[in-house]
Every structure is written in structure tokens, then in C-alpha cells.
Amino acid sequence: MSDRTTTSNETPFRYTAQMAQDIELSWQDRWEEEGTFNAPNPAGPWAEPDKVAARGEKLCVLDMFPYPSGVGLHVGHPLGYIATDVYSRFHRMLGRNVLHALGYDAFGLPAEQYAVQTGQHPRKTTEENMTNMRRQLRRLGLGFDNRRTFATIDPEYYRWTQWIFLQIFNSWYDADAVRPDGGLGRARPIAELVAQFESGERPLPGGDTRAWAQLSDAEQAKVLEGYRLAYTSEAPVNWCPGLGTVLSNEEVTNEGRSERGNFPVFRRNLSQWMMRITAYADRLADDLDRVDWPEKVKVMQRNWIGRSAGARVAFPVTLAAGERAGSTTDIEVFTTRPDTLFGATFMVLAPEHPLVDSLVPEGGWPDGTHDDWKGADAEASATPQAAVAAYRLAASRKSDVERQTEGKDKTGVFTGSFATNPVTGQPIPVFVADYVLMGYGTGAIMAVPGHDERDFEYATKFSIPVVRVVAPSLDEADAPLADAYVGDGVIVNSASDVADLNGLGVEEAKARIIAELEEREIAEGTINYRIRDWLFSRQRYWGEPFPIVYDEDGVVHALPEEQLPLTLPDVPDYSPKTFDPDDANSSPEPPLSRVPEWVEVELDLGDGRGRRRFRRETNTMPNWAGSCWYYLRYLDPANDTAIVDPGNERYWMGTWPTPVAGAPAGTKDPGGVDLYVGGVEHAVLHLLYARFWHKVLHDLGYLESEEPFRKYFSQGYIQAYAYTDARGQYVPAAEVEEHPGGPGEEPTFTWGGQQVFREYGKIGKSLKNSVSPDEMYDAYGADTFRVYEMSMGPLEVSKPWETRAVVGAQRFLQRLWRNVVDEATGEVVVTDDAPDQALTTQLHRTIQGVRDDFEDLRFNTAIAKLIELNNSVTKLGVAPREVVEAMVLMIAPVAPHIAEELWSRLGHSGGVAYAPFPEADPSKIVEEQVTCVIQIKGKVRDRVEVAPDISEDELRELVLARDKVRAATQDGIRTVIVRAPKLVNVVPM
RNA sequence: GCCCCCGUAGCCCAAUCGGCAGAGGCAGGCGACUUAAAAUCGCUCGAGUGAGGGUUCGAGUCCCUCCGGGGGUACCA
């Protein structure tokens, strides 16, 4: 495969892999020495305003933060980096000041797991991995500003991660505060909330009438906890014994397992750090309109946030048990269909609903209770208390997985109580059933079997009346319902002395009933969200320590900013306490809790109370923390007084005067990174968390931009074939031989003579189909590898790696090389003669096409156009300098090393990195003749050469006079469609 | 089940506004170079666009139904 050995004595100057390597290494050294890709900053410690002024508009290009894997890169990993590098280099040649840098996301579970597996300290393995990855990427010739690199594990970086945590901790969300843009709601310093409590402007929550100063420290802390954007809370969380840590909702699959490692996850009540991302739910959903992202990812985020408009409605009920037995209270439900309130014939509470106990009467069932309502457990069905207790116990023992896998078969038990439908006044039975979830809405529903599929199933199974309140038309008001009718229509059977909705449309009825019931204080229009607060603590070693201590009363204190960073201590045993993955009753044990000399400290927090004893927080942050803001640090990595100088943030990420394409009219641009490229797997994790932090920092006045990523492009993956033998074991894919099948048959595959079976999917060491970039550098060189990856197809689609196809990219570069350099003598062989008309036209058309393609990230078609142009030049035998130089500049973003070399051999000093990109001359694109296609009834029947500026009338006449057209139109002409100059379609009678 | 995306040559992919189905690459075939092979170079073969229907003068492109592949989501009231 390598032609390293094929450089014969006759062609010592051929562009071989060896030649490519020599060229590439020497230019990489030169770029590094000269700091070619360093981007000047307008402000901060590196301020070079003169250099900034000397360049054109800024452009901030970003790749998703890589995690330095222990096994090194495979050929799929650099795809996005090459794409962003091509885009960056293209824009440098257009004169823009381009910032492109790469750092490392080095904290977190994978790094720690790799260290545990190899029995080494995570810092050691992580640093080794980063060294290897840096080497692999440097060899690829990426034009990063290497001054701007860092890793999340650097104390000088995580100092600021901890600082941001403190800003969030010391903030609350004031939903009534007016933002500069006129919207409502923003984060404010917690001190301003304390001031409101102190002055009495804001009453204490829960009807507490004491003055703020009368509260103890612990009581004050408790109150503030209810407001802080980062807070501890005792709540049901996702405990994963197999990983020894808790996980956020976003890290748990819908099968109820950990996204990483696929271990079972259990719900446990534990005290954990949370981030109040729910406060930002509206803005996170609304502002998706303002960014240029793939629609698919926007939809995924909107679904995750899960905003739905509806109403909270109170259903009165008389308590049947408990201290307040006999008194009346309300069961509050959330519904998106208040228009169907008249059709609510029963209610359902989640098994965990706190009201259940007081709804179940002592003694027997109410007279006439349907046997089906008493529960599936015959032994427990004698009394409501026994039946409900049995049902709740059974439900509590079910995992989320079991609840789901049991499918749609509805189960439930009657509580023995009836509530009152507030609009009909009718008593309706209240059930406990596990198809209602405590975690959504109020954990209780009004069930409308006529117009909700789940309620219909339940009503059918338990013989509950079904009432139609929506019909396709008034005529069908009493048509029987064979299924829940969920379509649009007109409201029927919905009148009482409370309200009359009959005849209204669904949307009108919703508005009407909410208005009526709000007046009576029975309901209120409301918005409900699916998103929950973000669980932020992990019981692992390899993460940022929280800058938090607890005093002897258990009150939370933030470390003063001057005491940051709080460094991660070196510990003898950094591995997590391991558990049986299925042991739901295990409890997390953070490794840091095993270091008492670090945990128990005496500190002066600078609060005037002197040195006191404290206990440190022993949880660590999730690896999302470091990746939530790294893009900001690239802008000003050496700044030790701020996360980023405001001048740098405004310059690199500030808002543009015009909004992104496709934004609604009147939209204000949110600013942010100009191009962000990465895989879609972080659609609701990293991309949502980073947006949240960015908005908090914006609210607190640290950032001008409102979004982190103005344009996000989701790249496809490079995948590969893998092969298994008869036992299902993977065999080395590189050694498999393909045998073509007969016509219409699949090919067959053998390895070492035995038949093997092909599958398609991810690249991985364990699948034995991994190809490393290093192998490509050795066999072809980095430029060939770059050209191949960029020419495989559109950046956004996934496509299969095919090593044997890489040679096509090499042949192209060889042909380009040969057009400039004589393989035998090394002499430059271009001619100074001007290209002919046809080649000139092709050149300028190519320039225009390549510019457009690069701008729109269509690198595959740009390369195809360059191959075409190069092929035209090759056919001439001798290459005109004008065309060759333009080609060298145009290929430079994709294949920068060979371009530098050829550019220099063509007699230019100064390099191609900042050479101006060729400009198309529109006057030279115009051809003297164009081919006009003549269609008869839509089928191509003739062609004619015409002038490009021929008029429609001239062309029509010309075409109608042609023999073939006259022959076809002897019976007359129905119509003639003229699209001058390229097409005429004649339709005969 | 629901929602979204994608089906063009043996394979990866072009066709930008509804206007000649083919730009580019791989593989295959033939030829040149070679003692021979590899590499290289030149030439060349190759689909009617997943299936069916519709709109249109004209459909890969727009609409409907179905089939196949991928992704998201799943009792979210």
C-alpha cells in the first residue's frame, strides 16, 4: 500500500508518502516557530489591538472539547477537526482574524475508569493520553493557536470552573426582574435577595412573619437554599451502584440504565447538589429560535424541556382519614385539555402522591363498589386500606424499567373516595394507578376517557363511564366513542351553571374555561415543564472539588474567591467504592471522604468570624462542568483576574447586527461562537448545560453574548465494516478478503480461508476494525488523509471508512504536484502563457464554486471541482501558471502542506496561510455559446448552440424552425415553454 | 406506538430555483510503461433515482400511500 519504496531513481521528485512526510514535518515546524495561527486579542493580558486592527472581521471557530482517550485516535475522530481547520484556513485567506484552538476535557468518569483499569493515577494516564493525542493532531497539520490550549484538570483552569460555581451558588432567579432586552426574569446576586428579606420588601416564604434577623444562621441558609441557582436538596436521585455515583437525568437512558457503562440505575433519596436549570426553561426553549442549529437538535432540546401550556384545576374532595378527616381539600391536577373538563369522569393519583393516605377510608368499600376496582390482589381486596397499601407496595418495588416493559396494560385501585368535578358538580371516583407519574405535573390527573387514549383504556378496563365532549361536528354530538377522540372539533355536552362551552372550538374553549374558572379561583392557566433540575454532584475522585465547606451547624459556606483554586488532593486510593451493580440498597461513598486531613479544616472565610472548624464538601463536579465554559477560556486563557476579559468576549463572541438565517423577524442576534462542529450525542447534555451557564453569566453581567454557540453544525460519523467468524468473534478487518457475488448477490468474505460475516457500525479496538491516523500518515501523508476525509461525502452524514479508496486522494495530489514539478528533475514546469478561453472560464467558475462550497461546508463538492480543474490542466500537457497558482491557493485550506510547498516552489515567499484567496471575475465566467436543450413534450429531442444572452422570442423562433421540431408539430402547437438560454419545451397538439 | 431524517451506478457520493440523471472518487474492464509485478498514466463500462399513485409542458427534486435504513422519544396528562 505504501509507495515509500517506489521512489525510483528516475522520479526522485515524485510526490510520494515519503515526500509528503518530509514536506509536512518541515512546514509544521515552521508554522510552530512562526506562530502562524496565533490570533491577536483586542484586550486582556495578550492585547495586541494594532494587530487586530490590521486584520479583517473576527471569526471564532470551535470543535467539541475532546476527551483524551487511552487508546489514541482512530480515523473517525479528526473528521470535525479537519473540517473546522479547512473553514478556518479559508477564512484566514479571506482576511479574517480567525480564532481556532483546542483543549482537553480531561476530568470525569472515562479518564478515571481508564486509570483504575491500568492501576495508575488518573493524572498520569490523562497526561500521557493528552501527549499522544497532541502528537497525532500536530501531525495532521491543524492550524490551532497553540498558545490557547489547556486542560480542565489544570488548577489554573478549574480555579475558574470553581469560581463560576460560586457565582451560580451566590445567585437566585428573579422571575419578575426586567432584562435589558425587555423580557422578564434574570439571575441576580443572592445578596440582593438577602437585602429584600432584611428590609421586609420581600416576605419570608411559608407565611413566616418573623424578621430576617430573627432567623438563625441555619434557618436563613435554609430559606436561601430555596432560591439559590446551585443548592443542595434531599430528593429522589439516580443512584448507579455500578459506577458508584449518582447521575443526572440526562445521563440515564430511557431503559433506566447509565448512558456510560449501561449499568442499572435506581431511584434513591439522597442529599445532592442541584442546579436550578428549570428557572431557565423558557429562555432555553425560546432562544433556540435565535441560533442557527440543525432543526433536529432544536427539536430534541425542546422535547427535553417539554414545555406545555394548560391549566391547574382544583377538584374538591372530602378527606376520609387522618387528622383532618371530614374536612374538604383540593386535589390539584395539571391538564393541557381544560376544554374537556366536562368529560372528566374519574381521577387518578400516582401511587406516591402524598394525598393518597388521607383519601382511603377506614372500614369497608363504599356501597356498590365494582369488584374490579378493589385491586388485582384478592387477599388484599377486603378493604380499601389493604388494597391501596398492596398496590402502592407493588408499585414501589417496580423499577422504572418494569413499569415501562409492562406496557400499556393499565392497573389501579379505587381509593374509596370521590372528588367533585368542579364544573358538573358530579362525584367522580379517585383511583391510584401507576400510569400517572409523581414526577410530572402535580402527580394527579383528571381522567377524560372520551378524549385521552390512556384514560380510555383505563375506563374500558374498569367499567367507568365515557362521555363525549368533543365532536368533529355538532351533528355528531352523541356519536358513540369506540376510541378516544383526540382530534380537533367542536365542544358538546359541556354546559352547566358554571360554564357553557357548547359550540366552541377546542382552542376557544380552553381560553373560555380557564377565564371562567380563574374568576372562581378553581383553576389557573399555567405552563408545565418536563425538564428537572440538574443533578450536579458525583461521588468520584477525578473531578473538580466543590469550593464549599460546612460549619459545625451544617450551614453551607462558599470559599472566598481568593482561596481558589481548591486543589484536588493526592490520595492513596482514588478508586470509587465499588458495588454490585444490582445492589439498590448500597449508598454512595465519595473517595474524598476517605481523606480526613483534607476534609476537616480550620479556615478563616473572611466573614469577620475568624478561624473556625469546617468540613469540606466531598462530592466532586461532573465532567460537564469543565466543558460548560471552556470555549470562553480560549478567548483569554492567560487572564488571571477574570474568566475572560469583557473586551475579548465582546470581540470574539459578541452579537452581530443581523440575526442568523431563518430566525423570526425582529430577532436580536444572540452572539456566540461563529461555528461549532461536533457530534449530535451531546444534543441535550453538554449543549443544554453550556447554554444554561452562559445565560447565568450573561445575566450576572460577565458576558455580552446570550448564547454560547451561534451556529452549530452536527457532523456525521465515520463508521466501518467489522467481521465476525462463525463463533461470533471479531477478526481483523484489514485482513479480510472480499469475493464478489454473482449478479444480484451479496459479496462474500473470508479471513484466513474461513468464511466471515460483515457488519457495519462504529470503529473500535474491540471490533478489530480500527485504523489510526498514524497508519494514514505513514502510507499517504497527512494531506492525502485530509483530502480523503473531506471528499468522502457531506460533512453531516455518516459514511463508511474505506482504506483502499484513500489512494484516489493521493492520485489527485500527485497530479497537481506533477503539473508544477517535474518528477525527474524537480524543476518547476509551469508556463507563463495565459490559459485559453475555455480554461479561463472553467477557472473562474471553479473559483466561484469553491468559494461557495467552502463557505457552506460542502468540502466534498469543492474538492470535486478542483479535481476537475486539475484534470483539465493535466490534459493540456503544460500548465498555465495563472491556473496552477489559483489551484494551489484553493487547495491550501484542505491540503495546506503541499500547497505551501508548491507555492514556495512557484516563487512566492510568505506562505499560503494568509495569501489572498482567488477571486472570481464574473465577466470571465460568461461563455460565448451555451447548449440549449430542446424538449418535445418534456423529452429531450434536440440541442442547439446559442448565445448566452439570446432573447426568449429569438430562441422560440429558432427552435420552432428546426427540422425535428417541425416534424413533431405538424398537427399544431399547444404551447411552448422557453427558459432562455438553456431550455425550450415544445408541446404539440 | 408517535416524531424527525435518509433511500440516485457494485460502493462512497453530485445534480444549488421543478428544466439534458453524472461532477468527483473507489472498484471493474481495456491499453501504455515494465523481463514481470506494484505504483503511475490514458481510455472505458456502468443506474433511470426504494415501490406505487398524483400535481405539472416537464419530477431525483413538490404531494399522498407503502417498503427499507438511521436517529429521537415513549403512559409527560
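So you know, we letter chains A, B, ... as the sequences are listed, proteins then strands, and number each from 1.
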With 3.5 Å as the limit, what N/O pairs link the protein to nucleotides 28-30 of chain B?
none

- Query: Is B/rC17 in the syn range, within 90° of 0, or in the anti range?
  - Reply: syn
- Task: Just label B/rG48 as syn or anti from its O4'-C1'-N9-C4 or O4'-C1'-N1-C2 angle, using within 90° of 0 for syn.
- Result: syn
- In 5'-to-3' order, the base (B), backbone-only (S) or no-contact (-) status of each nucleotide in nucleotides 9-17 of chain B, using a 4.0 angstrom heavy-atom cut-off, is ---SSS-B-
Could you tell me how far apart [X] ([atom1]) and [N] ([atom2]) are, to the nearest whole angstrom?
X	N	atom1	atom2	result
A/Gln935	B/rA59	CD	C1'	12 Å
A/Asp483	B/rC2	CG	P	13 Å
A/Tyr780	B/rG25	OH	P	16 Å
A/Trp801	B/rC26	CH2	C1'	13 Å
A/Gln810	B/rG25	CD	C1'	14 Å
A/Gln715	B/rG70	CD	P	20 Å
A/His451	B/rC75	NE2	C1'	19 Å
A/Arg312	B/rA77	CZ	C1'	12 Å

- Could you state the interatomic distance from OH (A/Tyr721) to CD (A/Glu802), rounded to the nearest 0.5 Å? 8.0 Å
Over all strands shown, is [X] touching base, sugar-phosphate only, or nothing at heavy-atom distances under 4.0 angstrom?
X	value
A/Asn871	sugar-phosphate
A/Thr442	nothing
A/Arg818	sugar-phosphate
A/Lys298	nothing
A/Val299	nothing
A/Ile867	sugar-phosphate
A/Val987	sugar-phosphate
A/Ala805	sugar-phosphate
A/Val807	sugar-phosphate

What is the base-pairing partner of [N], counting Watson-Crick and G-U wobble geometry with both distances under 3.5 Å?
N	answer
B/rC33	none
B/rG1	B/rU73
B/rU61	none
B/rG48	none
B/rC26	B/rG10

Say we look at [N] and [M]: how far apart would their [atom1] atoms be, to the nearest angstrom?
N	M	atom1	answer
B/rU44	B/rG25	P	13 Å
B/rA27	B/rU65	C1'	37 Å
B/rA15	B/rG7	P	11 Å
B/rC64	B/rA59	C1'	15 Å
B/rC57	B/rA74	P	48 Å

- Task: Could you tell me which non-hydrogen atom of A/Met300 sits nearest to which non-hydrogen atom of A/Val684, and how far apart they are?
- Result: O-CG1, 3.6 Å
- Go through the N and O atoms of the side chain of A/Arg943 and the base of B/rC20, and report whether any donor-acceptor pair is under 3.5 Å. yes
- B/rC20 base / A/Lys982 side chain donor-acceptor hit below 3.5 Å: no
Closer than 4.0 Å, any side-chain N/O of [X] to the OP1 or OP2 of [N]?
X	N	result
A/Asn819	B/rC41	no
A/Arg811	B/rG25	no
A/Arg302	B/rG72	no

- Residues A/Asn769, A/Tyr723; criterion side-chain hydrogen bond (donor to acceptor under 3.5 Å, both in side chains); working and verdict: CA-CA 8 Å; A/Asn769 62 355; A/Tyr723 302 86; over 6 Å; no
- Item | Derivation of the side-chain contact (heavy atoms from CB on, under 4.5 Å) call for A/Arg312 and A/Val333 | CA-CA 5 Å; A/Arg312 282 178 184 245; A/Val333 304; over 6 Å; no
- Message: Side chain of A/Arg530, heavy atoms from C-beta onward: which of B/rU73, B/rU40, B/rA77 has the nearest atom to it?
- Response: B/rU73
- Query: Nearest of B/rG19, B/rA77, B/rA23 to any side-chain atom of A/Ser308?
  - Reply: B/rA77
Taking side chain as C-beta onward, heavy atoms only, is [X] less than 4.5 Å from [Y]?
X	Y	value
A/Phe785	A/Val806	no
A/Leu517	A/Val423	yes
A/Gln301	A/Val299	no
A/Gln842	A/Glu868	yes
A/Val448	A/Met446	yes

- side-chain contact (heavy atoms from CB on, under 4.5 Å) assessment of A/Trp304 paired with A/Arg530: CA-CA 7 Å; A/Trp304 186 261; A/Arg530 198 184 90 106; 2.8 Å; yes
- Query: Got more than 12 heavy atoms from elsewhere within 6.0 Å of NZ, A/Lys298?
  - Reply: yes
- Item | Residues A/Asp289 and A/Arg302 bridged, charged N to O under 4.0 Å | yes
